[in-house]
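Below: the structure, in structure tokens.
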Amino acid sequence: MAFTSLLGSDAERKVAVAEVALRAVLCGLGALAAALVATDTQTRTFFSLQKKATYTDMKAMVLLVAAAATAAGYSLLQAARCCCCVALLRTSIRPRARLLLAWCVFACDQALAYALLAAVAAALQASVVAKQGLPQLQWMAICALYGAFCRQAGAGVACAVAAAVDAALLAFLSAFNLFRLYGAKA
């Protein structure tokens, strides 16, 4: 059974368009999350002493910026790969090469989804501590002092959550694209 006859050419095209769209959304959300968090600063004066809050004060936010920027760059490269593969669908690509490419995309998409979800979870936990404090350890809520900083960081974390959901959807789609190749041999 031929590769394109498993789903049909119209369904194949719809899956490819969905993948390109999801990768474009991930690229935009990842870049936006990284930009919002990385450019977030606020300076306050306490008794003639200036204290500047930046995202580097919280290591979870540094991890989030790195993961979101990586997700944006990776999804941009993969979107270009998708466009090239759509152009090559009409030509015959060797099944072994197609299978190897599908395995590589699957593994990278899985790794990206897990890394982005871990970074988002760490950033969410740090954000809760920043918002509510931790009275048991006598950590005060810093969002009462740095409101603008926390609002912008919150917007960046929200974009990162949406990017993580998008990355998870892409991981499912790449798994579907991989495992349907095995069904084509039946």
Side-chain angles (χ1 to χ4, degrees), residues 18-82 104-178:
E19 184 177 2
V20 170
L22 283 172
R23 291 192 187 282
V25 168
L26 178 58
C27 182
L29 287 172
L32 182 61
L36 282 172
V37 175
T39 61
D40 194 10
T41 62
Q42 184 179 357
T43 304
R44 293 279 313 239
T45 304
F46 301 101
F47 304 112
S48 73
L49 180 68
Q50 287 191 346
K51 173 62 180 148
K52 184 176 183 179
T54 64
Y55 81 101
T56 57
D57 295 336
M58 300 168 89
K59 298 307 175 202
M61 293 300 190
V62 174
L63 176 65
L64 180 67
V65 168
T70 301
Y74 170 76
S75 63
L76 182 64
L77 290 174
Q78 286 294 338
R81 187 226 14 115
C82 289
C104 290
V105 170
F106 170 73
C108 290
D109 282 351
Q110 293 292 318
L112 179 76
Y114 283 122
L116 194 54
L117 284 169
V120 166
L124 283 172
Q125 185 270 338
S127 298
V128 168
V129 171
K131 179 76 173 159
Q132 297 177 352
L134 201 56
Q136 296 87 349
L137 297 176
Q138 298 179 354
W139 292 351
M140 59 187 266
I142 63 164
C143 285
L145 299 173
Y146 296 100
F149 175 81
C150 287
R151 283 188 295 277
Q152 185 171 337
V157 170
C159 288
V161 168
V165 169
D166 194 342
L169 290 173
L170 273 168
F172 287 131
L173 187 62
S174 67
F176 172 75
N177 283 337
L178 170 65

For residues [X] and [Y], report the shortest heavy-atom separation together with the two atoms involved.
X	Y	answer
Leu112	Ala71	CD1-CA, 3.6 Å
Ala167	Leu116	CB-CD2, 4.1 Å
Ser174	Ala171	OG-O, 3.0 Å
Tyr146	Lys51	OH-CG, 2.9 Å

*asked:* side-chain contact (heavy atoms from CB on, under 4.5 Å), that's the test. Do Arg81 and Val105 meet it? Break it down for me.
replied: CA-CA 10 Å; Arg81 187 226 14 115; Val105 170; 3.7 Å; yes
*Ignoring hydrogens and angles, tell me if any N or O in the side chain of Asp40 forms a donor-acceptor pair with the backbone of Tyr55 under 3.5 Å.*
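No: the side chain of Asp40 does not pair with the backbone of Tyr55.
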*Got a donor-acceptor contact below 3.5 angstrom from the Asp57 side chain to the Thr54 backbone?*
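At least one qualifying donor-acceptor pair exists.
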*side-chain contact (heavy atoms from CB on, under 4.5 Å) between Leu173 and Asp109, intermediate numbers included*: CA-CA 9 Å; Leu173 187 62; Asp109 282 351; over 6 Å; no
*Would a 4.5 Å heavy-atom cut-off, applied to side chains only, mark Asn177 and Glu19 as touching?*
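Yes. Closest side-chain heavy atoms under 4.5 Å.
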_Please evaluate residues Met58 and Val129 with respect to the criterion side-chain contact (heavy atoms from CB on, under 4.5 Å), reporting the C-alpha separation (whole Å), side-chain torsions for both, the decisive distance (0.1 Å), and the verdict._
CA-CA 11 Å; Met58 300 168 89; Val129 171; over 6 Å; no
Show which side-chain atoms of residues 59-68 pair as donor or acceptor with protein atoms under 3.5 Å away, not counting sequence neighbours.
{"residue": "Lys59", "atom": "NZ", "partner": "Thr56", "partner atom": "O", "Å": "3.3"}

Show the atom names and distances, to 0.1 Å, of all donor-acceptor pairs under 3.5 Å that link a side chain in residues 26-39 to residues at least two apart or in another chain.
{"residue": "Thr39", "atom": "OG1", "partner": "Ala35", "partner atom": "O", "Å": "2.6"}
{"residue": "Thr39", "atom": "OG1", "partner": "Gln152", "partner atom": "NE2", "Å": "3.2"}

